[in-house]
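First comes the structure, then the notes that go with it.
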Amino acid sequence: MAILSALADPTRLAAIRLLWDGEEHCVCELMRKIDASQSRMSRHMAALKVAGLVVDRRDAQWVRYRRNPNLQAAVVALVGAALALPEDRQEEAA
């Protein structure tokens with residue numbers, strides 16, 4: 001249930017969209033691309049981490065996030081389906 005709740009928020013879904021490339025992304029990059037404050041981004045990333053969708057690594061004063069490499073196939077499929085929705089539909093669903 002935490003996964004569905006995590007994917008229901010447009011900001012978190014935008015972050016997942018960026019992280020789904022499998023690369024590591026600094027929270028500063030996510031903030032800039034999503035246009036979110038540091039505190040807002042941290043709150044949303046914490047929810048994604050609790051849901052098990054992302055893992056993090058501290059790098060000096062920044063935190064770097066990436067897609068959890070140990071996700072079950074069903075979770076990957078679920079996230080893929082959420083990302084396949086047109087972005088205007090994603091906002092309606094939230």
Side-chain angles (χ1 to χ4, degrees):
M1 185 59 107
I3 292 171
L4 294 177
S5 294
L7 295 175
D9 183 89
T11 300
R12 290 192 290 267
L13 197 55
I16 285 292
R17 185 175 302 287
L18 294 170
L19 295 168
W20 218 241
D21 66 2
E23 300 295 318
E24 194 174 67
H25 296 270
C26 178
V27 72
C28 58
E29 176 188 349
L30 299 173
M31 289 166 45
R32 186 178 71 253
K33 289 185 175 181
I34 297 174
D35 191 28
S37 68
Q38 190 275 329
S39 62
R40 179 175 164 223
M41 199 74 242
S42 292
R43 192 170 56 250
H44 284 297
M45 295 312 296
L48 292 173
K49 188 175 172 185
V50 166
L53 296 173
V54 301
V55 294
D56 64 354
R57 176 179 69 84
R58 183 155 294 283
D59 182 20
Q61 79 269 22
W62 294 109
V63 178
R64 298 186 179 277
Y65 292 93
R66 66 184 171 105
R67 170 183 166 171
N68 185 342
N70 300 317
L71 291 173
Q72 297 176 352
V75 174
V76 172
L78 178 65
V79 173
L83 294 176
L85 288 171
E87 290 190 40
D88 59 338
R89 290 289 319 237
Q90 291 173 2
E91 290 178 10
E92 290 175 13

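Nothing fancy with the numbering, it's 1 onward along the sequence. Any value given below was found using the heavy atoms of this structure, including those in side chains, with hydrogens, waters and symmetry copies removed.
- Among Leu71, Leu19, Ile16, the single residue meeting the side chain to side chain contact (heavy atoms under 4.5 Å, CB included) criterion with Val79 is Ile16.
- Using a 4.5 Å cut-off on side-chain heavy atoms (C-beta onward), Leu53 and Asn68 make no contact.
- Across all non-hydrogen atoms, the minimal contact from Glu23 to Asp21 is N-OD1, 2.8 Å.
- Closest heavy-atom contact between Ala51 and Ile3: O-CG1, 3.5 Å.
- Hydrophobic clustering, with ILVMFWY side chains joined whenever heavy atoms are under 4.5 angstrom apart, keeps Leu78 apart from Val55.
- The CZ atom of Arg64 sits 10.5 Å away from the CG atom of Leu30 when rounded to the nearest 0.5 Å.
- Between Ile34 and Ala14, the shortest heavy-atom contact is CD1-C, 3.9 Å.
- For the pair Arg12 (side chain) and Ala6 (backbone), a donor-acceptor distance under 3.5 Å is present.
- Using a 4.5 Å heavy-atom cutoff, the side chains of Cys26 and Asp59 are not in contact.
- Between Val27 and Asp56, the closest side-chain pair of non-hydrogen atoms is not below 4.5 Å.
- With Tyr65 as the partner, the side chain to side chain contact (heavy atoms under 4.5 Å, CB included) test is satisfied by one option alone out of Glu24, His25, Met45: Met45.
- No more than 12 heavy atoms of other residues, nucleotides or ligands lie within 6.0 Å of CG in Asp35, so this atom counts as exposed by the packing criterion.
- Following chains of ILVMFWY side-chain contacts shorter than 4.5 Å, one can reach Val76 starting from Val54, so the two form part of one hydrophobic cluster.
- Taking CH2 of Trp62 as the start and CD of Glu29 as the end, the distance is 11.5 Å to the nearest 0.5 Å.
- For the side chain to side chain contact (heavy atoms under 4.5 Å, CB included) test, residues two or more places apart in sequence or in another chain that qualify with Arg40 are Thr11, Ala36, Ser37, Arg43, His44.
- Clustering ILVMFWY residues whenever any of their side-chain heavy atoms sit less than 4.5 angstrom apart, transitively, puts Leu13 in a cluster other than the one holding Val50.
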